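Here is the structure we will look at, set down as structure tokens.
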Number of protein chains: 2
Amino acid sequence: MPELPELTVFADNLSKAVVGKEIVKVDYRGKKSVKVPTEELTRSMVAARIDKVQRVGKQLLVRLSNDATLFIHLMLKGGFVLTKTEELQQLDAVILAVSFADGSALALTDPRGMATVALNPKRGEQPRDGLKVTADYLQAACQRQPNKMIKALLVDQEVIGGIGNAYSDEILWRARISPKSLAGKLPPEAIDALVEAIPAVLNEAVEEIRRRRPDAVSGEVRDFLKVHGPDLKSSPNGARIIKEQIQSKVTYYTEEQKLYR
Amino acid sequence: MPELPELTVFADNLSKAVVGKEIVKVDYRGKKSVKVPTEELTRSMVAARIDKVQRVGKQLLVRLSNDATLFIHLMLKGGFVLTKTEELQQLDAVILAVSFADGSALALTDPRGMATVALNPKRGEQPRDGLKVTADYLQAACQRQPNKMIKALLVDQEVIGGIGNAYSDEILWRARISPKSLAGKLPPEAIDALVEAIPAVLNEAVEEIRRRRPDAVSGEVRDFLKVHGPDLKSSPNGARIIKEQIQSKVTYYTEEQKLYR
DNA sequence: GGCCCTAACAACGA
DNA sequence: CTCGTTGTTAGGGC
């Protein structure tokens, strides 16, 4: 569930909580042999300090003082817990447990066990972040994949980093564009509307989440969304909300949104 | 159109006609720069003798006395013409014209220009030939792609070499298996039925074609097929033949064929 | 709700 | 009725 807004807040709050701390113990219980050889992970982390925590697309990047870098993806249900070393064992569904020299601890948890940790991954082309989308960039992306539905393009992490199912619906409603519009058919006005809507929706969500859950490092608040959600019946303007599977994703939209095909 | 049976007969007949002959002239008029650099082709062929012509999957392999190897794919409409050198220029749609020292000549023709010639292609893993499919092999292939429709698997040249759209329908009817069955759902009896049907259908077709067109090096006879064909209304047992697009291919089958899903 | 992998399908070209 | 490639969608598994 966590998308750009939640992850931005998590990154800020984790920074405040753990930057500068020295790691004294690491316990990885994630999927065996998938992303990280456990010993290598421990070796790379113990005795280092945490220099920085920042969001990169839908992942959190944790940079250590020894130049090792962790990439954490929360997938559907992952989250963090800030606690003390002696209370770590009480936690359920721990993927990665990190203990600090001062007795505090940080755990990555996921009831579904899907969250991933990657150590120094080699990364290719970095996608444009959701907060940095320009009209030129979006225009070019739409030209490149003209027959792709605009919703598919917005949630494509190789095109724009950070937007998921929920916020794509919010962005498209704000821009008054149907999720089923074809990218190549969007006129310049529609591109402009998206370029306005993307950071507006995301930044407003960041602020709302900060206000409501100032220390959040897990979970989500989604009750301020305007069209995406099973309990919403109509948009702020009174239009009936349509729920439909689009690309295997539950999508909410209204007739206010123009279909370009 | 030509599939394993036609190509088997063509290979036999070409062998009889041209093996041992010395090539004196080569004229390639295929797609420029696609499969063969023309000069290299001429250089490799002139002065050599033809040692062997054999079918490999849906292609014909022509081995020359200088160890050069030609792979010819007839695609949809390609075929051969055995003629004399002085009559070559009367032919239409010639892709490759080869003149022999004795005044005879062989032309590869294709009205659509799709037939291809490859010189000494580097070939990776060779697929199992349609005439050499065993239960173990087919079983393993079905396990590897369990969600693939069995018709798709049969015509996949990386799995089995030589079977195309028409004969896949004949084979599936003989085995009484619906083309839309999923490979991974076929029980051992169904695998066995296929392993019986594949060579039976193909070999019977080879014999029928030999009987009807003993010298064929082009074209096709398909009027002996039992379910695949636009004019057939019912199978030999009287079941109504269903015509349906399956994987973008016109497919004929009947309700006699069991669907495993 | 996320990502990856496989497969289906359409379109075009050769 | 062929094959290859490209682009997009749909489904299942973790």
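A, B, ... follow the sequence lines: proteins, then strands. Residue 1 opens every chain. Since the structure is predicted, the reported quantities are computational estimates derived from the model, not experimental observations.
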*Return yes if a side-chain donor-acceptor contact under 3.5 Å exists between A:Arg240 and A:Ser234, otherwise no.*
no

*Between atom NZ in B:Lys151 and atom C1' in C:dA7, what is the gap in whole Å?*
17 Å

*Starting from P on D:dG12, measure out to CZ on B:Arg261 and report it in whole angstrom.*
11 Å

*Quantified as the angle between the terminal helix axes (five pairs each), what is the overall bend of the helix from C:dG2-D:dC14 to C:dA14-D:dT2 to 10 degrees?*
10°

*Could you tell me whether the side chain of B:Glu220 and the main chain of B:Glu6 form a donor-acceptor pair under 3.5 Å?*
no

_Expressed as a whole number of angstroms, how long is the span from B:Ile150:CD1 to C:dA7:C1'?_
15 Å

_Under 4.0 Å protein heavy-atom contact, by nucleotide of nucleotides 1-11 of chain D - B base, S sugar-phosphate only_ = BBS----SSSB

*Taking A:Ser181 for the side chain and A:Lys258 for the main chain, is one N or O donor matched with an acceptor at less than 3.5 Å?*
yes

*Specify the separation, in whole Å, of atom CG of A:Leu74 and atom P of C:dG2.*
11 Å

*Report the distance from atom CG of A:Asp156 to atom C1' of C:dG2, rounded to the nearest whole Å.*
13 Å

*For A:His228, check ring-ring contact (aromatic ring centres under 6.0 Å, His included) against everything at least two apart and list the hits.*
A:Tyr252

_Under a 3.5 Å distance rule, please check whether B:Arg222 uses its side chain to pair with a backbone N or O of B:Phe224 as donor and acceptor._
no

*Backbone of A:Lys132 reached by a side-chain donor or acceptor of A:Arg128 within 3.5 Å*: yes

*Just by distance, with hydrogens left out, do B:Thr251 and B:Lys151 show a side-chain donor and acceptor under 3.5 Å apart?*
yes

_B:Arg213 side chain vs B:Ser218 backbone, donor-acceptor pair below 3.5 Å_ = yes

